[in-house]
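Please read the structure below before turning to the comments.
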Amino acid sequence: METKYKSDYEDDFLEELQEYEYKEMFEKANNVVLGFVASTTATGAVPIPFADAPLLVGQQVAMMIAINKVFGFDIKRDALQSLAVAALGVGGATVLGKTVFSNIIKLLPGVGTVAGGAISAGTAGVITLALGKAYIEVCKAIKLGKLNQDALTKKEGHEMLKKAFKEQLKKK
């Protein structure tokens, strides 16, 4: 009888420890996202029209790499770039419209440059936040055994990230 009690206690302890570790991971991953939101917001404010797009995708992929490190995943940069581009593409007209609009405004000297930079900065921050939160959701699914890590870079992972990204964009 005593052994069963000890086993139950150990099982409960291990379960609580795992929950604590997961909670720590999720908090660290969210902090990574917030850091990159600040970074991409600054990049989006660059007053040169259309100069920020390649930089933003690079920063967003770097964010995904940093999130992977938090979760202990090793996924190649090219695969993450493909995932990011697929997710961003699903934002479609909303993302594209805001990006083009803000960059066209940047073409106007003076006030247009400032206003376009502000809109572009806000858009970059919102998109990065949505992508980061969506990617964390996918990483959680992997950690909890709902998605195989190998499936992340395949259709199943792409679809899960796209869906999570759409949901995150609706929240913003």
Side-chain angles (χ1 to χ4, degrees), residues 21-22 24-103 106 116-172:
E21 287 173 350
Y22 284 171
E24 286 289 309
M25 273 187 226
F26 303 149
E27 286 179 16
K28 284 181 184 177
N30 278 310
N31 287 336
V32 165
V33 170
L34 294 177
F36 276 93
V37 166
S39 171
T40 56
T41 298
T43 300
V46 170
I48 303 166
F50 302 101
D52 56 357
L55 297 173
L56 291 171
V57 172
Q59 287 173 296
Q60 290 160 342
V61 171
M63 172 184 67
M64 293 168 79
I65 290 170
I67 292 169
N68 283 341
K69 287 181 181 174
V70 169
F71 283 95
F73 301 154
D74 184 24
I75 299 164
K76 299 205 181 305
R77 183 180 192 83
D78 291 346
L80 292 173
Q81 187 163 358
S82 170
L83 270 172
V85 169
L88 294 171
V90 89
T94 305
V95 172
L96 184 63
K98 287 180 181 179
T99 303
V100 170
F101 177 73
S102 62
N103 279 290
K106 285 182 186 179
I119 294 167
S120 185
T123 301
V126 166
I127 291 169
T128 301
L129 181 62
L131 180 61
K133 296 274 188 182
Y135 192 63
I136 289 171
E137 289 302 312
V138 172
C139 290
K140 279 183 188 179
I142 293 170
K143 260 315 186 198
L144 298 174
K146 296 177 182 176
L147 177 70
N148 184 316
Q149 184 176 331
D150 294 333
L152 175 63
T153 57
K154 295 182 173 74
K155 184 177 181 181
E156 187 179 359
H158 279 240
E159 293 304 317
M160 184 180 275
L161 182 62
K162 286 188 219 179
K163 181 180 178 196
F165 182 64
K166 274 184 183 176
E167 289 171 6
Q168 289 296 324
L169 278 178
K170 288 178 187 174
K171 293 179 182 179
K172 306 304 169 227

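Just so it is clear, the model here is predicted, and its values are computed rather than measured. Quick note: numbers below take in every heavy atom, side chains included, and nothing from hydrogens, waters or symmetry partners.
- Taking the ring axis of Y22 as reference, the NZ or CZ atom of K140 does not stay both within 45° of it and closer than 6.0 Å to the ring centre.
- The closest side-chain donor-acceptor pair between T43 and Q59 falls under 3.5 angstrom.
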Donor-acceptor pairs under 3.5 angstrom involving side-chain atoms of residues 71-86: please list them, not counting sequence neighbours.
none

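- A salt bridge is absent between K170 and E167; no separation between the charged side-chain nitrogens and carboxylate oxygens falls under 4.0 Å.
- When side chains are defined from C-beta on, L152 counts as touching I142, because their heavy atoms get closer than 4.5 Å.
- Counting non-hydrogen atoms of other residues, nucleotides and ligands closer than 6.0 Å to NZ of K28 gives a total of 12 or fewer.
- The two residues C139 and N68 come nearest to each other via the heavy atoms SG-OD1, 4.2 Å.
- Side chains of F165 and I127 form a contact here, defined as non-hydrogen atoms less than 4.5 Å apart.
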Side chain to side chain donor-acceptor pair (under 3.5 Å), that's the test. Do T40 and Q60 meet it? Break it down for me.
CA-CA 8 Å; T40 56; Q60 290 160 342; 5.4 Å; no

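- For K143, the salt bridge (Lys or Arg N to Asp or Glu O under 4.0 Å) criterion is met by no residue, not counting sequence neighbours.
- Contacts of N30 classified as side chain to side chain contact (heavy atoms under 4.5 Å, CB included), with partners at least two apart in sequence or in another chain: K133, I136.
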Could you walk me through whether E21 and E24 pass side chain to side chain contact (heavy atoms under 4.5 Å, CB included), step by step?
CA-CA 5 Å; E21 287 173 350; E24 286 289 309; 5.6 Å; no

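- Remark: E156 engages no residue in a salt bridge (Lys or Arg N to Asp or Glu O under 4.0 Å) (not counting sequence neighbours).
- Using modelled atom types, no side-chain atom of K69 and backbone atom of I65 make a donor-acceptor pair closer than 3.5 Å.
- Summarising the geometry of I67 relative to G132, their closest heavy-atom pair is CD1-O, 4.1 Å, with the distance given to 0.1 Å.
- Heavy-atom minimum distance, A164 versus E137: CB-CB, 4.5 Å.
- Summarising the geometry of T128 relative to A124, their closest heavy-atom pair is OG1-O, 2.8 Å, with the distance given to 0.1 Å.
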